[in-house]
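Working notes, beginning with the structure itself.
In what follows, chains are A, B, ... by sequence order, proteins preceding strands, each numbered from 1.
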Protein chains: 2
Amino acid sequence: MKQSQPRPVAKQSVENQTTDNLREFILSGSVQPGARLTEVALADQMGVARATLRTGLQRLASEGIVVQIPYTGWQVADLSVDDVWELWTLRASLESLAAKLAAQSPDPAVREHIANAYDALLAACRRGNMKKISDCDFALHRVIVESAGHSRLARQYQLVEQQVRLYIATSNNVAEGPDDIMEQHRPMAEALLAGDADRAAHEAWQHSESEGKRLLAWLREKASP
Amino acid sequence: MKQSQPRPVAKQSVENQTTDNLREFILSGSVQPGARLTEVALADQMGVARATLRTGLQRLASEGIVVQIPYTGWQVADLSVDDVWELWTLRASLESLAAKLAAQSPDPAVREHIANAYDALLAACRRGNMKKISDCDFALHRVIVESAGHSRLARQYQLVEQQVRLYIATSNNVAEGPDDIMEQHRPMAEALLAGDADRAAHEAWQHSESEGKRLLAWLREKASP
DNA sequence: TGGCGGATGATTGTCGACAATCGGTTATCT
DNA sequence: AGATAACCGATTGTCGACAATCATCCGCCA
């Protein structure tokens with residue numbers, strides 16, 4: 001019986017806990033991009049010393065989530081349209097590399113995981129449940145990145161995703177129909193399942209690029225009413 | 001007369017100075033990969049409080065230059081062959097994106113800067129001065145990355161370069177002849193100067209990949225005598 | 001009234017001291 | 001003699017206090 005054992009303690013320094021909690025707080029959309037954060041208030045709210053909190057803030061600054069204003073305060077990063085373009089092109093480049101490496105992988109489990117994730121996306125699209133589609137879309141991308149077997153790539157991808165999430169959590173994303181989503185993912189998924197590395201890289205780039213272009217067009221339209 | 005004015009003070013916090021000095025110290029090869037660093041000794045040597053030094057170490061940890069061992073000490077990052085592969089593939093992907101964006105740039109100055117840097121590399125190769133060749137090779141790559149007009153890309157490229165430099169500064173790099181270096185850079189440079197974005201991206205990837213493969217082969221041979 | 005300089009409050013930057021943890025050594029038990 | 005537990009020194013983790021900086025406000029002068 002599992003209940004006969006106490007739960008193991010997940011040891012984590014206060015610095016790391018503080019950093020993780022702060023990151024989650026910001027990425028959850030609880031504060032707006034551009035919002036000012038002060039060490040004194042946050043340290044008080046989080047029940048830690050200010051120096052401990054500074055470690056967290058500096059970590060989040062290196063992740064691009066906050067910006068340090070010396071002697072004045074900190075701000076939640078506010079992404080311009082150019083910033084979004086940079087993040088999206090970077091993400092596309094990383095996805096392209098991930099797709100190439102995943103397609104090259106000799107491990108049959110890789111092919112299987114990607115096929116399962118793609119099938120789940122197709123099933124969600126046929127059911128038309130947009131929340132489920134979004135989840136499966138995200139899951140497919142994550143499986144591809146994890147299948148690349150490249151820890152730095154996965155880490156960079158996560159950092160870029162975080163920053164994109166910071167922006168999108170405070171904006172309504174452009175909605176798309178299930179048929180479009182299926183069609184967009186088909187060439188990339190086929191290349192991946194066929195083990196065609198160059199085509200997988202190319203199609204992953206095309207997919208990300210078209211997605212990014214649509215988002216940028218929407219942002220520009222929103223910025224000029 | 002310039003001498004009639006005192007030199008302006010470059011204001012920089014002690015935290016940032018400490019971080020920069022520490023980074024330079026490590027990247028200069030003064031300490032070996034895997035070497036243990038302690039906060040007490042470094043803070044004493046650098047004449048700052050330990051907490052100030054911690055800021056620097058944590059920053060360098062996020063850059064991949066040092067590794068934190070909780071309650072024990074810090075280590076200069078020691079790159080395995082797999083690490084080098086990861087850094088090299090990441091670098092190739094970033095260079096490929098930079099080449100694509102630079103080739104797409106409508107600004108004629110971009111074309112001119114790349115042409116100048118390529119000409120300098122060719123001239124150095126004809127003279128056969130290996131130090132000069134190395135400098136021009138590096139300069140060409142840097143011009144391409146800067147020409148992409150993508151600050152995050154430039155930043156990521158620099159971070160990857162730093163880590164590669166950490167490793168190579170302590171190893172003898174594989175020497176290559178001037179003719180080979182000229183030949184390797186020709187397809188990429190031609191595509192860039194022709195404004196052919198897709199070919200520039202492809203050739204940049206090919207160039208970086210072949211360079212990385214040769215380094216990895218050399219490392220694997222060195223690891224098994 | 002407008003501009004400039006100084007003061008002030010709010011914040012961050014830096015410091016040294018105390019608390020927590022780890023790895024190695026020594027002592028004790030079987 | 002080998003295994004285990006306790007101890008200890010060296011280090012990092014965390015804290016609160018003092019120092020430095022910035023932006024804003026107020027007062028003064030032309």
Check nucleotides 20-22 of chain C for protein N or O atoms closer than 3.5 Å to its own N or O atoms and list the pairs.
unit_1	atom_1	unit_2	atom_2	d
dC22(C)	OP1	Lys11(A)	NZ	3.1
dC22(C)	OP2	Lys11(A)	NZ	3.4

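Minimum interatomic distance between Thr19(B) and Gly56(B) (heavy atoms only, all atoms of both residues): OG1-CA, 3.2 Å.
Look at CD on Gln75(A): it is 14 Å from C1' on dA23(D), rounded to the nearest Å. Straight-line distance from the CD1 atom of Ile69(B) to the P atom of dG23(C): 9 Å, rounded to whole Å. One interatomic measurement links the two molecules: CD of Gln17(A) to P of dG13(D), which rounds to 14 Å at whole-angstrom precision. Gln68(A) places its CD atom 8 Å from the C1' atom of dT12(C), with the value rounded to the nearest Å.
Salt-bridge annotation for Asp44(A) and Arg50(A): absent, with no side-chain N of the basic residue lying under 4.0 Å from a carboxylate O of the acidic one. For the pair Glu86(A) and Arg155(B), the salt-bridge criterion is not met [side-chain N within less than 4.0 Å of a carboxylate O]. Salt-bridge annotation for Asp20(A) and Arg23(A): present, with a side-chain N of the basic residue lying under 4.0 Å from a carboxylate O of the acidic one. Taking a cutoff of 4.0 Å between a charged side-chain nitrogen and a carboxylate oxygen, Glu15(B) and Arg59(B) do not qualify as a salt bridge.
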Point to revise | Full working for salt bridge (charged side-chain N to carboxylate O under 4.0 Å, His left out) between Glu221(B) and Arg214(B) | key: CA-CA 11 Å; Glu221(B) 183 184 324; Arg214(B) 196 174 47 251; over 6 Å; no
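Side-chain contact, Asp137(B) with Ser134(B): no donor N or O sits under 3.5 Å from an acceptor N or O.
Pairs passing the ring-ring contact (aromatic ring centres under 6.0 Å, His included) check and including a residue from residues 16-59 of chain B, sequence neighbours excluded, do not occur.
Within a heavy-atom distance below 4.0 Å of DNA chain C, the residues of residues 36-49 of chain A found are Arg36(A), Leu37(A), Thr38(A), Glu39(A), Val40(A). Annotation: proximity of residues 50-58 of chain A to DNA chain D (heavy atom, distance under 4.0 Å) is found for Arg50(A), Ala51(A), Thr52(A), numbered in ascending order.
Applying the salt bridge (Lys or Arg N to Asp or Glu O under 4.0 Å) criterion to Arg36(B), with sequence neighbours excluded, gives no partner residue. In terms of the ring pair (Phe, Tyr, Trp, His ring centres under 6.0 Å) criterion, His113(A) has no residue partners (sequence neighbours excluded).
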